[in-house]
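What follows is one structure encoded as structure tokens, with my remarks underneath.
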Amino acid sequence: MSPAAALSLASFVALLMLGLALLISTVRIIIGPTLADRVLALDLLTVVAMGFVAAIAIRTGLTLYLDIAIALALLGFLATIALARYIMSRRLKSGGAPQ
Amino acid sequence: MITDLLVYTGCVVLVLGAAFTLIASIGVVRLPDLYTRMHAASKAGAVGGGLVLLAVALTCFDAGVALRAVVGIVFLLLTTPVGAHLLARANHHITDQKLNDGSITQLKSRNRRNPQR
Amino acid sequence: MSVAVIVLGLALLWAAMTGSFSGLNLLLGAAIGTLAVLLLRKSLAQPRAVHKLRMAVSLAGLFLRELALSAVRVAIVVLTPNLKSALHPEIVAFPLSVRSDAEITLLANLITLTPGTLSIDVSADRSVLYVHVLTASTSQNVIVEIANGFEARVRELFA
């Protein structure tokens with residue numbers, strides 16, 4: 001197998017797996033049960049999406065996609081921090097009332 | 001010759017990274033409580049994402065791009081545990097989660113009024 | 001001698017970043033590297049800076065090995081058909097002997113990405129780190145492992 005063909009096959013398989021991972025982590029976002037579970041799944045979803053974009057960068061050979069992937073990872077991190085803080089402050093503000 | 005070897009290695013690393021990410025998402029759905037799910041998301045997720053970025057570095061043949069990918073990996077490995085830690089801390093502050101083996105986490109008693117489930 | 005190595009490394013890094021290894025570009029990188037070293041000469045002048053750098057690199061190597069191991073172990077647990085028997089989650093209170101913010105932060109992050117452990121919270125007086133363990137053998141084992149492994153290395157690094 002030539003290197004180009006191997007790369008094409010590997011990126012196809014990787015994109016398939018990452019797409020499946022996107023779907024599966026969406027299941028956890030939907031079923032919850034707590035907000036923290038959903039935030040965790042959302043965090044994983046951004047990492048998976050980052051991997052997806054990076055795999056597209058390999059498949060198309062456009063390295064510009066790499067910058068998008070890194071920016072996405074940064075965005076996911078900030079979103080997780082913000083949501084974690086929100087989980088904490090929401091409980092403190094509402095004085096222990098359930099959601 | 002050496003470039004071919006790099007590309008083949010990149011292929012293996014890419015599929016391995018995608019597999020770890022897939023396992024992380026399966027773990028997030030299969031595992032029974034938030035903390036165990038966090039193990040799957042933070043470890044397998046970070047390793048999976050890092051390996052995919054490593055595959056980009058191996059197959060691009062451009063020192064600048066490879067360096068950016070490596071910086072991305074370092075960034076991912078630095079931020080993932082911080083994110084997981086913050087989320088675990090937030091959850092720990094608002095709940096007393098009953099773990100599988102029956103041990104209850106009562107590290108802080110001030111927020112015990114209303115377990116979330 | 002070590003300054004020359006740092007400048008050379010920075011010049012190569014510059015060339016890699018800008019994507020051109022021409023002589024002029026390397027020279028520019030070396031000039032910028034020299035400027036950076038001049039700006040940082042106070043912190044570089046620490047007596048054991050090189051020794052510490054070596055220790056940090058060896059800690060990073062250990063960390064990468066443990067990270068690979070931990071990902072494989074989590075993957076095995078996730079893919080076990082009988083999940084209940086593979087899991088023994090537990091929260092362990094780990095008594096901290098390191099005190100500064102930087103040391104605790106580094107240790108907590110290292111713990112999170114190593115096999116079977118996840119740091120959850122630090123007690124208000126900074127004496128205890130709460131660690132969640134995925135497959136605990138005994139909590140005593142976990143404590144001894146962390147204390148002799150990463151905590152010792154971190155303390156050495158900041159000493």
Side-chain angles (χ1 to χ4, degrees), chain A residues 2-4 6-7 9-11 13-18 20-25 27-28 31 33-37 39-41 43-45 47-48 50-52 54-55 57-58 61 63 65-67 69-70 73-74 76-77 80-81 83-88 90-92 95-99, chain B residues 3-8 10-15 17-19 21-26 28-29 33-34 37-38 40-42 45-46 48-49 51-53 55-56 59-60 62 64-65 68-69 71-72 75-76 79-80 82-84 86-91 93-95 111-114 116-117:
Chain A
S2 75
L7 199 61
L9 178 70
S11 58
V13 172
L15 282 174
L16 216 62
M17 282 167 144
L18 288 165
L20 198 61
L22 280 175
L23 284 178
I24 294 174
S25 28
V27 171
R28 179 52 75 190
I31 63 177
T34 64
L35 183 59
D37 287 299
V39 173
L40 179 70
D43 185 39
L44 182 64
L45 197 73
V47 173
V48 177
M50 185 211 74
F52 200 88
I58 291 177
T63 51
Y65 278 113
L66 181 67
D67 296 330
I70 292 173
L74 176 69
F77 174 57
T80 309
I81 289 183
L83 286 168
R85 290 201 72 89
Y86 168 67
I87 290 173
M88 253 199 227
R90 185 185 65 154
R91 181 48 61 115
L92 289 179
Q99 54 211 19
Chain B
T3 57
D4 283 6
L5 201 66
L6 271 182
V7 170
Y8 287 129
C11 290
V12 174
V13 170
L14 178 61
V15 172
T21 323
L22 182 59
I23 288 171
S25 63
I26 293 172
V28 164
V29 172
D33 65 47
L34 180 75
R37 279 173 209 148
M38 217 165 263
S42 64
L51 283 179
V52 175
L53 285 182
V56 176
T59 53
C60 67
D62 181 339
V65 174
R68 249 181 292 159
V71 169
F75 173 76
L76 196 67
T79 55
T80 315
V82 176
L86 263 174
L87 198 56
R89 202 171 117 87
N91 188 65
H93 270 257
I94 61 168
T95 52
N111 275 318
R112 277 210 287 138
R113 282 162 290 183
N114 217 329
Q116 213 180 20
R117 294 191 184 176

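Atom set for the values below is all heavy atoms of this structure, side chains included, hydrogens, waters and symmetry mates excluded. Everything numeric in this text was worked out from a predicted model, so none of it was measured.
- For A:Leu74, the parts lying near chain B are the backbone and the side chain together; criterion is any non-hydrogen pair under 4.5 Å.
- Atom OH of A:Tyr65 has 12 or fewer heavy atoms from other residues, nucleotides or ligands within 6.0 Å.
- Contact of A:Ser2 with chain B is made through the backbone alone, with heavy-atom distances under 4.5 Å.
- With a 4.5 angstrom heavy-atom cutoff, A:Leu40 touches chain B via backbone and side-chain atoms both.
- Distance CZ/B:Phe75 to CD1/A:Ile70: 9.0 Å, rounded to 0.5 Å.
- For the pair B:Leu14/B:Leu51, no side-chain contact is recorded, criterion being any heavy-atom separation below 4.5 Å from C-beta on.
- Within the 4.5 angstrom heavy-atom criterion, atoms from both the backbone and the side chain of B:Ala19 approach chain A.
- Residue B:Thr3 holds its OG1 atom at 7.0 Å from CG of B:Leu6, rounded to the nearest 0.5 Å.
- With a 4.5 angstrom heavy-atom cutoff, B:Thr59 touches chain A only via side-chain atoms.
- With rounding to the nearest 0.5 angstrom, the CE atom of A:Met88 is 10.0 Å from the CG atom of B:Asn91.
- Only the side chain of B:Leu76 comes within contact range of chain A, with at least one heavy atom under 4.5 Å from a heavy atom of that chain.
- If you run side-chain contact (heavy atoms from CB on, under 4.5 Å) between A:Tyr86 and each of A:Val39, A:Leu35, A:Ile81, only A:Leu35 comes through.
- For the set B:Val29, B:Val52, B:Val82, the count of heavy-atom pairs under 4.5 angstrom toward chain A peaks at B:Val29.
- Contacts between A:Thr80 and chain B at a heavy-atom distance below 4.5 Å involve the side chain alone, from C-beta outward.
- Ranking A:Thr63, A:Leu23, A:Val47 against chain B, the residue ahead of the rest is A:Thr63, based on heavy-atom pairs under 4.5 Å.
- Between atom CG of residue A:Leu16 and atom OG of residue A:Ser11 there is a gap of 11.0 Å, rounded to the nearest 0.5 Å.
- Using a 4.5 Å cut-off between heavy atoms, A:Leu44 contacts chain B through its side chain alone, with no backbone atom that close.
- A:Asp37 is not listed as a side-chain neighbour of A:Ile31, based on a closest heavy-atom distance of 4.5 Å or more.
- Per-residue counts of heavy-atom pairs under 4.5 Å with chain B were compared for A:Met50, A:Arg28, A:Met17; the largest is that of A:Arg28.
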